[in-house]
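Counting convention: from 1, in listed order, for ligands and their atoms alike.
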Amino acid sequence: MSLHQMTIYELHTLLTKKEVSSEEITKSVYKHIEQVETKIKAYITLTKAQALETAQVVDKKIANGEKIAPLSGIPVAIKDNICTKGVQTTCASKILANFVPPYSATVIRKLATQGAIMVGKTNLDEFAMGSSTENSSFHVTSNPWDLTRVPGGSSGGSAAAVAADECIAALGSDTGGSIRQPAALCGMVGMKPTYGEVSRYGLIAFASSLDQIGPFTKDVTDCALMLNAICGHDRLDSTSVQRERRDYTQYLKNDVRGLKIGIPKEYLTQDLDSAVRKIIEEAIDKFTKLGAEVEETSLAYTEYALPTYYLIAPAEASSNLARYEGVRYGYRDMEASDVQDMFVKSRSTGFGDEVKRRIMLGTYVLSSGYYDAYYLKALKVRTLIKQDFDQNFQKYDLLLSPVTPTPAFKFGVKAANPVQMYLQDIFTLAINLAGIPGMTIPAGFANGLPVGLQLLGKHFDEGRLLQAAYTFEQNTEFHRRRPVIN
Ligand code: GLN
């Protein structure tokens with residue numbers, strides 16, 4: 001096995017035993033990128049010089065006998081909507097194509113404190129709006145399992161980079177499914193932590209009451225290590241929650257005996273591909289055999305999650321994206337006749353179609369006369385959706401569901417029809433509306449394409465998600481299969 005194919009903890013062990021250097025690991029990753037990146041196109045920017053410098057710093061520490069953190073010397077990729085000081089951060093948008101942040105996001109500073117190596121910035125749907133990464137204004141990213149298919153989105157670049165071994169782990173953001181959906185379509189582990197568990201300071205905002213940063217990894221152990229590195233209160237993010245620090249690796253136990261798992265029936269009846277259904281049913285059997293108590297349950301408001309999300313998320317987006325007007329930073333149209341014209345032209349040229357669609361929808365539902373009928377109504381339904389989950393968690397430790405209705409689809413098949421694309425997230429959106437944690441793990445293959453399963457828990461119960469995921473992983477082989485890129 002080559003170094004770039006390994007996991008965080010495998011490499012950490014080799015580093016601490018001084019059997020490899022971080023420089024060797026980092027070079028192995030970039031050499032592999034040279035071989036496959038023209039096919040995958042996971043990255044927008046690569047930061048090789050900086051990465052090799054950091055690797056040398058870590059190697060010196062190891063040589064001096066210093067104890068290193070689990071992520072020290074490990075190459076990690078970052079979704080390009082997370083601010084990185086001195087390194088272009090584009091949101092895959094023309095409007096931010098030349099934006100170089102003067103500061104780093106809290107998660108970036110936390111990774112840097114651990115000594116992690118940033119490989120580069122990964123592709124996404126513009127401003128994280130989309131489910132296939134086809135909305136990037138730069139280029140599309142291919143699914144490493146089948147280059148004619150999408151990697152999912154909006155964090156498609158991060159998911160594809162991990163799956164193609166172009167990094168060891170990655171960060172993404174999840175507003176309605178953007179970590180879990182691409183992780184599932186690329187056969188990786190992905191987690192959206194509880195709202196408030198990870199600081200969003202420096203994450204370029206899409207929908208502030210829904211956005212959350214989380215990891216993409218090759219297995220569950222690495223997920224716990226990444227979560228350990230990025231979680232915790234941050235005084236720079238007023239929505240981050242002050243809690244006692246936990247070591248998430250303590251939950252990596254092969255045991256689900258007595259665990260109560262609910263299966264929301266609404267998630268198995270909606271247009272679910274038959275191969276995906278079969279895999280989910282097999283996973284349910286597996287959990288039962290391993291000693292979990294599995295039972296059918298109901299999330300009665302499921303059908304309202306999508307319309308509710310598509311009122312709240314665009315409303316918040318229209319407000320967050322008002323700051324891009326060509327004055328303070330980002331793209332400015334230089335031909336404009338006056339300042340009003342400059343706003344209009346900068347925004348018209350700078351934003352892509354999907355972003356404009358959301359801004360228009362959001363502005364509409366927030367406008368006087370429509371606010372009560374749409375936005376306020378959506379907030380009320382959001383509360384019902386949250387209560388639906390709360391009630392279920394009085395009875396169950398976890399809920400289990402599919403992540404996506406189908407495996408990865410071909411380029412272009414949904415791009416022309418926004419509603420078709422929105423339906424990709426039918427099983428993931430409600431989780432953000434409720435603020436609870438959700439996790440995707442590999443659960444099987446349909447015609448050679450990976451299929452994931454989703455585990456949902458109560459607020460701040462990431463530990464239990466990890467334990468259930470770890471147990472499933474220890475008793476299956478799906479996470480070991482790697483794509484052959486050709
Ligand atoms: N696909 C959903 C959307 O386009 C979710 C995106 C996300 O989680 N960032 O809004």
What atoms in ligand 1 come closer than 4.0 Å to a heavy atom of Y310?
-> 2 (C), 3 (C), 4 (O), 10 (O)
Atom pair CG (D222) and CD1 (I74), whose distance is rounded to the nearest 0.5 Å = 8.0 Å
Please verify whether a non-hydrogen atom of A313 lies at under 4.0 Å from ligand 1.
-> no
Within a radius of less than 6.0 Å around NZ of K278, do more than 12 heavy atoms belonging to other residues, nucleotides or ligands occur?
-> no
Using a heavy-atom cut-off of under 4.0 Å, does the side chain or the backbone of K79 touch ligand 1, or both, or neither?
-> neither
Start with the C-alpha gap between D80 and K121, add the side-chain angles, then the distance that decides, and say whether salt bridge (Lys or Arg N to Asp or Glu O under 4.0 Å) holds.
-> CA-CA 5 Å; D80 207 20; K121 307 292 298 285; 2.9 Å; yes
Which atoms of ligand 1 have any heavy atom of S131 under 4.0 Å away?
-> 1 (N)
Note: ligand 1 atoms sitting under 4.0 Å from heavy atoms of M129 are 4 (O)
Taking both backbone and side-chain atoms of L429, is any N or O found less than 3.5 Å from an N or O belonging to ligand 1?
-> no
Hey, does Y422 sit under 4.0 Å from ligand 1 if you only count heavy atoms?
-> no
Measure the CD-CZ distance between E316 and F206 for me, rounded to the nearest 0.5 Å.
-> 9.0 Å
When you measure from atom 1 (N) of ligand 1 to every protein heavy atom, which one gives the shortest distance, and what is it?
-> D425 OD2, 2.5 Å
Nearest to atom 10 (O) of ligand 1, what protein heavy atom do you find, and at what distance?
-> Y309 OH, 2.6 Å
Search all heavy atoms of S104 against all heavy atoms of K85 and return the closest pair with its distance.
-> OG-N, 2.9 Å
Note: ligand 1 atoms sitting under 4.0 Å from heavy atoms of S154 are 9 (N)
Heavy atom of M421 under 4.0 Å from ligand 1?
-> no
For Y301, look at atom OH and say whether over 12 heavy atoms of other residues, nucleotides or ligands are found less than 6.0 Å away.
-> no
Near F206, which atoms of ligand 1 are under 4.0 Å from a heavy atom of that residue?
-> 9 (N), 10 (O)
Can you list the ligand 1 atoms lying under 4.0 Å from a non-hydrogen atom of A128?
-> 6 (C), 7 (C), 9 (N)
Side-chain heavy atoms of S178 within contact of S155, under 4.5 Å = yes
Report the member of S178, P314, G153 with the shortest heavy-atom distance to atom 7 (C) of ligand 1.
-> S178
CG of L321 to SG of C91, rounded to nearest 0.5 Å, is 8.0 Å
Short N-O contact, R180 and D174, less than 4.0 angstrom = yes
Side-chain ion pair, D390 and K458, N-O less than 4.0 Å = no
Could you list the atoms of ligand 1 found under 4.0 angstrom from a heavy atom of D174?
-> 8 (O)
